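Heads up, the thing below is written out as structure tokens.
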Amino acid sequence: MDGKYFAKKVERKWQQKWAKSGAFQAEIDGDKPKFYQLEMLPYPSGNLHMGHVRNYSAGDALAWFKRLQGFNVLHPIGWDSFGQPAEDAAVKRGINPRKWTEDNIEIMRGQLQRLGLSYDWRRQIYAHTPEYYKFDQWFFLKMYEMGLAYKRMTQVNWCWHDQATLSNEQASGGLCWRCGNPVTKKDLEQWFLKTTAYTDQLLDDMEQIKEGWPQNVLKRQSDWIGRSRGAYVDFEVRSSGDSLFYCPIIDGITSSSDHGKGRIRVFTTRIDTIYGANSIVLAAEHPVIQANLDNFSEEVANKIAVIRTENAKPADHEKYVEKDGIDTGLKAVNPFSDEELPVWVGNYVMMDYGTGAVMSVPAHDQRDFEFATKFGLPIKQVISEPHLAHQHHAMQVLVLEQAFNEPGVLVHSDYWNGKPNAQAKAEMTEYGIKQRFAESATTYRLRDWGISRQRYWGSPIPIVYCSACGVVPEKFENLPVMLPDEAPITGTGESPLAKVPEFYETHCPKCKGPARRETDTMDTFVDSSWYFFRYLDPNNPALPTDPETAAYWMPVDQYIGGDDHAVMHLIYARFWTKVMRDIGLITFDEPFKRLMTQGMVIGETYFDDESGKRTYFTHDAVSVTRDVKGKITTVVSADGKPLKFAIERRSKSKGNGVDPDEMVEIYGADATRLFTLFAAPIENELVWNEAGIEGAVRFLQRVWRLVYKWKDHIRDAHLKPPDQEKTGSSARDLRRKTHQTIKRVSENLSSLQFNTPVAALMELSNAIGDLKIEPADAGTDEVFAVREALTALSLMLTPFAPHTAEELFAEIIGNEDGILANDARFPEFQDELAKEDLIEIAVQVNGKLRSKVRAVPDTSDEKLRELAKADEKVREYIDGKEIVKMIVVPGRLVNIVIKN
RNA sequence: GCUGGGGUGGCGGAAUUGGUAGACGCCCAGGACUUAAAAUCCUGUGCCCUUAGGGGCGUACGGGUUCGAUUCCCGUCCCCAGUACCA
């Protein structure tokens, strides 16, 4: 290569060299510590976007860093290649989903390769291949055996017009995304995986990973799982008057009777407030309500019908729903007070949480308060601030303006009066259990995972329905249940596989009689729940992964991905790992030791006002004005036209993405990667600004020129470090900067910071550039210092700009085998060399900076005091004043406190 | 509403977790080189006052603790994210 930096040339050269030597292929090596670096695998949508580039650049930086530190690094990549967009393409453009998917993979693999990411390409996995989905099915059968996979009726979003089930996203706002008609609910038989069997483990095992995971992800997961401890309390129910009512068995615990008596079970976390209950409120879907519809008055029945209809509409998150309900006429008895309470139906009680029945305590629950206020129901306070308790008992009316949720003592609660409510909670639960009308209970928000999809492009669920034997799991030896090459995909109605007789017509694995296959496929989140195990052993025909191999590589040391997967994918993957442990494949609980979530890459998109055409302009092409807060107020195009503008998220679904290929073409892969890491902390959102990337290019060019300037003079690897370096010599100064930089870069990378080490490298290169010596005139000390600095710089640059780093390193040492083949290591700093010879000590007077003095490190406090007091500028402030005290912070500052 | 995270120059962002605020980069301005441009290099760049030396003010806002606060405490305002009648 010559003295001018041609990114493309360098990048192509090293990509070829790496591929040829298999530089990043990893195998088990007991002599080295292992490091498993993982990034979330891409969905093959067709094009890489900048979010991918950011994610993979960060992962690659860590992979290189660890490699250079002597770790045996596994860094794989694969394809999450099942999913709906492939079917959409089939519907819209008549392309076969497999062809569409595989073409996309080809394109995106090329893009990844041009970025020069250091993957072990041999380990690629493809979710849509039988070799992979065979083990989706294998796991399903295992879970079926373990009782973790089951089938039941459930409600799904349903569009009558399109005859299609819709995901929650597709039904947002209560309207079908395709035809705009209102969405209803429909009952459908679906397969579920019992994630709820692991609720406590999913919560409690967070303890094991809390050091390495972002706080907010852990929090979101625990909110999502939503453990809530309380009690079930059974209320005896009667019909008023003569009419009978029916009380069916609920969850096997409520007694049934057609003689006007039964029990309704409520769930409460506040049993201590039970004396304040004014009613029992049931969900409209509650079995007791549904069983008695004929017994209610027309008015009640109508209201229930209205509430049910309203509930069936998907919720609009923004809208506050007015409380509504009606008294059913049924009565329930408070087991503590024997008070008879009305039974209402309320629109704010959800059937799918708790028992679908609540005891309404308006004084201590805001929702109950609103309900009671609206319908004029009594509000009785039973928890009081301790100092007001006597007033409550003196029957003074203390009017509440809202529910009282603070801790306090019980009032108007018979025997329990005066007890602190936390204590009462425990004792009252205990009492209820003894009296057999209560039970300790823990409820969860987390539901079982519905995995059935009425889609073609997914793993077939390996189940057979036989008229003689019923539901029969496919045999392990018959796996995989192959997805047929073609199916009529319409995007509507039931599964396309239900229209392929060659697929569904089969024989019962048990009795060999004619039978029908399950025609639903699995949710694609199944594929991504265990793919990181498959990388370890991608060709194993018998098992998803080999237990010994997994024991070596797992758990993943560092996982990186978008925080949009904080809940779904990361809970499923944790669940799957626990199931694998219970199957006996592995022995640990958690798959990902450390997790880092990177922020979105967003772009600023400006609309051409006249044509209305959505066009992306860079900052160079438009002029942008911002208000004080930094928000864009106006955007004017280069020819002076005001434009409509909007800031949009860069994503695959919108046509405004910055094209990584274009960036690589113009600036090179190294500059693109370096800049995505330098521009902002990895966890922040990044607004893509093209002007900034020029800085990254300039930096790489500067380093390049420095190496070419010096390389012929610093080739001698046997130079000895100067033993006694003169303080203040340029060689000493440069060595200090080099070692300080090594320290900073290593520390920053270890704590997953990418922007600050790049800044440190820029400083080091500036320091080398600032040397006033020409190479020909340099003494041996200087030559040594420059050689050390440039070698360290090129090695430390490897994680951010590997191609350039390889080339420069090769130039410095005079051999082209590459950094890894030369067994080069990330430089290590020497404390002694990083130390300053003279440090600047700030001198403050009454906390205000007045001067600075220089001193050698470890100067005694006494000496520093004297230096500070002797300083001319300081004396202007302290002469003639009484010094009250002096504070010395070693190595930092002296503060002189004077009396004014 | 609740929960979590934030608010630092024109912009992205640094700051050893109480110790010299603004590293590094972008933008911008001036200069050198050049016939010219590009590239490169140099200088300046928080705000205000000052001819200069220098001074004052500054980390959303108002208080507090401290010799000293971007950092800790109290209150207010604003932004972002998650979530939603969770009993």
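So that the names make sense, note that chain A is the first sequence line, chain B the second, and so on, each numbered from 1. Hydrogens, waters and symmetry mates are skipped; everything else that's a heavy atom, side chains included, is used. Remember, predicted model here, so these are calculated numbers, not experimental data.
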With the threshold set at 4.0 Å, does a side-chain nitrogen-carboxylate oxygen contact exist between A/Arg744 and A/Glu763?
yes
Of all heavy-atom pairs linking A/Ala792 and A/Ile742, the shortest is CB-CD1, 4.2 Å
Among B/C24, B/G13, B/A87, the one nearest any side-chain atom of A/Val349 is B/A87
Ranking B/A14, B/G56, B/C67 by distance to the side chain of A/Asn755, first place goes to B/A14
For B/C2, the nucleotide meeting Watson-Crick or G-U wobble distances (both under 3.5 Å) is B/G82
By the Watson-Crick or G-U definition, both distances under 3.5 Å, B/U59 is matched with none
Q) Within the structure shown, what part of the strands sits under 4.0 Å from A/Gly226 by heavy-atom distance: base, sugar-phosphate, or nothing? A) nothing
Closest of B/A87, B/A23, B/A84 to the A/Val358 side chain is B/A87
Per the glycosidic torsion and the 90° limit around 0, nucleotide B/G9 is syn
Open item on the list: Mind checking if A/Met350 touches a base, just sugar-phosphate, or nothing, with heavy atoms under 4.0 Å?
Closed with: base
Answer for the Watson-Crick or wobble partner of B/C77, both distances under 3.5 Å, is B/G7
Comparing A/Lys219 with A/Asn766, nearest RNA chain B nucleotide closer to 5' gives the residue A/Lys219
Against the side chain of A/Arg445, the closest entry in B/A84, B/U3, B/A15 is B/A84
Next item on the list: Please work out if A/Arg220 contacts a base, only the sugar-phosphate, or nothing of the nucleic acid, heavy-atom cut-off 4.0 Å.
Entry: sugar-phosphate
Review point. When you look at NZ of A/Lys374, are more than 12 heavy atoms from neighbouring residues, nucleotides or ligands closer to it than 6.0 Å?
Key: yes
Do the side chains of A/Asp831 and A/Lys835 get close enough for a salt bridge, i.e. N-O under 4.0 angstrom?
no
Side-chain contact check for A/Arg702: nearest option of B/C41, B/U20, B/G13 is B/C41
Is A/Arg865 salt-bridged to A/Glu862, going by a charged N under 4.0 Å from an acidic O? yes
Say you pick atom C1' in B/U43 and the same atom in B/G58; how far apart are they, in whole Å?
25 Å
Check your understanding: Taking atom P in both B/G55 and B/G5, what distance in whole Å separates the two?
Key -> 41 Å
